Peer 1: 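Sending over a structure as structure tokens; questions will come in a sec.
This structure is a prediction, so every number in the text was calculated from the model and none was measured.
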Amino acid sequence: MKELTILIPCLNEKETIGQVIDEANQFLEDNHVCGEVLVADNGSNDGSIEIVKSKEARIINVEEKGYGMALIEGTKAANGKYIIMGDADYSYNLYDIKNILEKLQEGYDLVVGNRLNSNIEKGAMPFLHRYLGTPIISTIGNVIYDVGIKDFNSGLRGYDKEKLRSLDLVSPGFEYATEMLIKAKKNNLQVAEVDIRFRKDKRNRKPHLRPIKDGIRHVKVLIKNVK
């Protein structure tokens, strides 16, 4: 078994997926980590798959649509004891993986990257996401579940593979990130948060995230798990 899998969900990210894979592999090499890069492709038809195959990375095809489904299936297929997930749009600096991995090695089960402590590049996060959407979801989550995490929507986070699989996560979309935190807390996993950087992605198209619809799905998960 490898120590680390860097897991990247992908859907039509030909503009950036190659750079993300290169950065992930460079991190592994520079820090002498025994690891792999795994891309969970969710039905790309723009040439992303061909780019991944030309790089030093494994790829799996996830037929059922959704960000959460890509990560659920990617977690099952990972060879690492630890998994650190990061987006394919080049918005996360994968050298920040180092701090997350160190926390996992210390014994934490789930470590979340916090983008909100003035580490956001200008133009990287829309105003409403930064000052309304993410803070509201995070506040509700902390009030109800006492998770103690400021950035519920962060897409750069790491976890112990077997501990996470024991949570039986099922959310198919972006609300998967919220379900992960809630169930981790309810099952007494050791959770930590570290500051990370967040940069403007390099895509020339709109992101997959739908602010209103996906925000509602996050809230539904928050309410559904109150028992």
Side-chain angles (χ1 to χ4, degrees), residues 2-31 33-80 82-98 100-101 112-113 115 119-121 123-126 129 153-159 161 171-174 176-177 180 196-211 214:
K2 296 183 182 294
E3 180 177 26
L4 176 65
T5 294
I6 300 175
L7 174 58
I8 306 167
C10 177
L11 174 60
N12 292 332
E13 302 287 8
K14 68 176 183 180
E15 294 177 291
T16 52
I17 187 63
Q19 297 174 79
V20 172
I21 292 172
D22 288 345
E23 188 170 79
N25 279 313
Q26 194 65 53
F27 166 80
L28 295 173
E29 180 180 342
D30 290 350
N31 291 277
V33 176
C34 178
E36 64 171 352
V37 180
L38 174 62
V39 176
D41 188 78
N42 208 201
S44 296
N45 57 14
D46 69 338
S48 294
I49 294 173
E50 289 71 25
I51 293 172
V52 175
K53 289 180 177 179
S54 73
K55 298 289 184 177
E56 188 178 346
R58 280 201 301 133
I59 186 170
I60 61 167
N61 178 44
V62 181
E63 293 186 2
E64 190 169 349
K65 299 303 182 190
Y67 173 80
M69 293 310 307
L71 290 168
I72 288 168
E73 295 302 317
T75 296
K76 291 178 184 177
N79 291 324
Y82 304 121
I83 298 173
I84 297 180
M85 56 186 247
D87 293 347
D89 61 6
Y90 203 69
S91 56
Y92 293 102
N93 188 321
L94 297 187
Y95 282 91
D96 289 336
I97 285 175
K98 186 173 188 295
I100 295 175
L101 180 59
V112 180
R115 303 165 294 173
N119 293 311
I120 302 176
E121 183 180 296
M125 186 183 294
H129 289 195
N153 291 341
S154 175
L156 185 63
R157 54 181 74 185
Y159 45 85
K161 175 182 175 178
S171 294
F174 288 102
Y176 172 84
M180 180 190 295
I196 61 170
R197 292 163 285 184
F198 192 61
R199 58 196 176 195
K200 187 175 182 180
D201 72 57
K202 294 188 174 183
R203 297 174 299 184
N204 291 316
R205 61 164 177 77
K206 293 182 179 180
H208 297 301
L209 182 70
R210 301 163 300 175
D214 288 314

Peer 1: Check this for me: E64, atom CD, are more than 12 non-hydrogen atoms of other residues, nucleotides or ligands nearer than 6.0 Å?
Peer 2: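 Incorrect, the count does not exceed 12.
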
Peer 1: Do any N or O atoms from the side chain of R115 and from the backbone of L156 form a donor-acceptor pair under 3.5 angstrom?
Peer 2: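 Checking the backbone N and O of L156 against the side chain of R115, no donor-acceptor pair under 3.5 Å is found.
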
Peer 1: Considering non-hydrogen atoms only, spot the tightest contact between I196 and S154 and give its length.
Peer 2: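 Reported closest heavy-atom pair: CD1-OG, 4.0 Å.
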
Peer 1: Might you point out which heavy atoms bring T16 and D89 nearest each other, and give the distance in Å?
Peer 2: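 For T16 and D89, the tightest heavy-atom pair comes out as OG1-CA, 3.5 Å.
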
Peer 1: Which heavy-atom pair separates P9 from G86 by the least distance, and what is that distance?
Peer 2: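 Smallest interatomic distance, heavy atoms only, reads CD-O, 3.4 Å.
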
Peer 1: Can a donor-acceptor pair be found, under 3.5 Å and without considering hydrogens, that links the side chain of N31 to the backbone of V33?
Peer 2: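 Absent.
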
Peer 1: To check you understand the geometry: which heavy-atom pair defines the closest contact between L38 and G74, and what is its length?
Peer 2: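 Shortest heavy-atom separation between L38 and G74 comes out as CD2-O, 3.4 Å.
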
Peer 1: Is it the case that Y67 and S171 place a side-chain donor and acceptor less than 3.5 Å from each other?
Peer 2: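 Not at all, the side chains of Y67 and S171 share no donor-acceptor pair under 3.5 Å.
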
Peer 1: Can you tell me if E56 has over 12 outside heavy atoms packed within less than 6.0 Å of its CD?
Peer 2: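 No - once you tally the heavy atoms of other residues, nucleotides and ligands closer than 6.0 Å, there are 12 at most.
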
Peer 1: Could you check whether any side-chain heavy atom of Y90 comes within less than 4.5 Å of a side-chain heavy atom of E23, counting everything from C-beta outward?
Peer 2: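 Yes. Closest side-chain heavy atoms under 4.5 Å.
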
Peer 1: Between the main-chain N or O of K2 and the side-chain N or O of N79, is there a donor-acceptor pair closer than 3.5 Å?
Peer 2: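 Absent.
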
Peer 1: Using a cut-off of 6.0 Å, state whether more than 12 heavy atoms not belonging to K53 lie near its atom NZ.
Peer 2: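 Counting other residues, nucleotides and ligands, NZ of K53 stays at 12 neighbours or fewer.
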
Peer 1: Give a yes or no on whether the backbone of D41 and the side-chain of S44 come within a donor-acceptor separation of less than 3.5 Å.
Peer 2: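 Looks like no, no N/O pair under 3.5 Å.
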
Peer 1: Any cation-pi pair here, R199 with Y92, using under 6.0 Å and within 45°?
Peer 2: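 Relative to the ring axis of Y92, which defines the angle, R199 lies outside at least one limit.
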
Peer 1: Just by distance, do the side chain of K55 and the backbone of D22 share a donor-acceptor pair under 3.5 Å?
Peer 2: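 Judged by distance alone, no pair lies under 3.5 Å.
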
Peer 1: Donor-acceptor pair, distance only, cut-off 3.5 Å: does the side chain of D96 make one with the backbone of G113?
Peer 2: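 Answer holds: no.
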
Peer 1: Got a salt bridge between E121 and R197, using NZ or NE/NH1/NH2 to carboxylate O under 4.0 Å?
Peer 2: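 Between R197 and E121 there is no salt bridge, as every charged N stays at least 4.0 Å from the carboxylate O atoms.
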
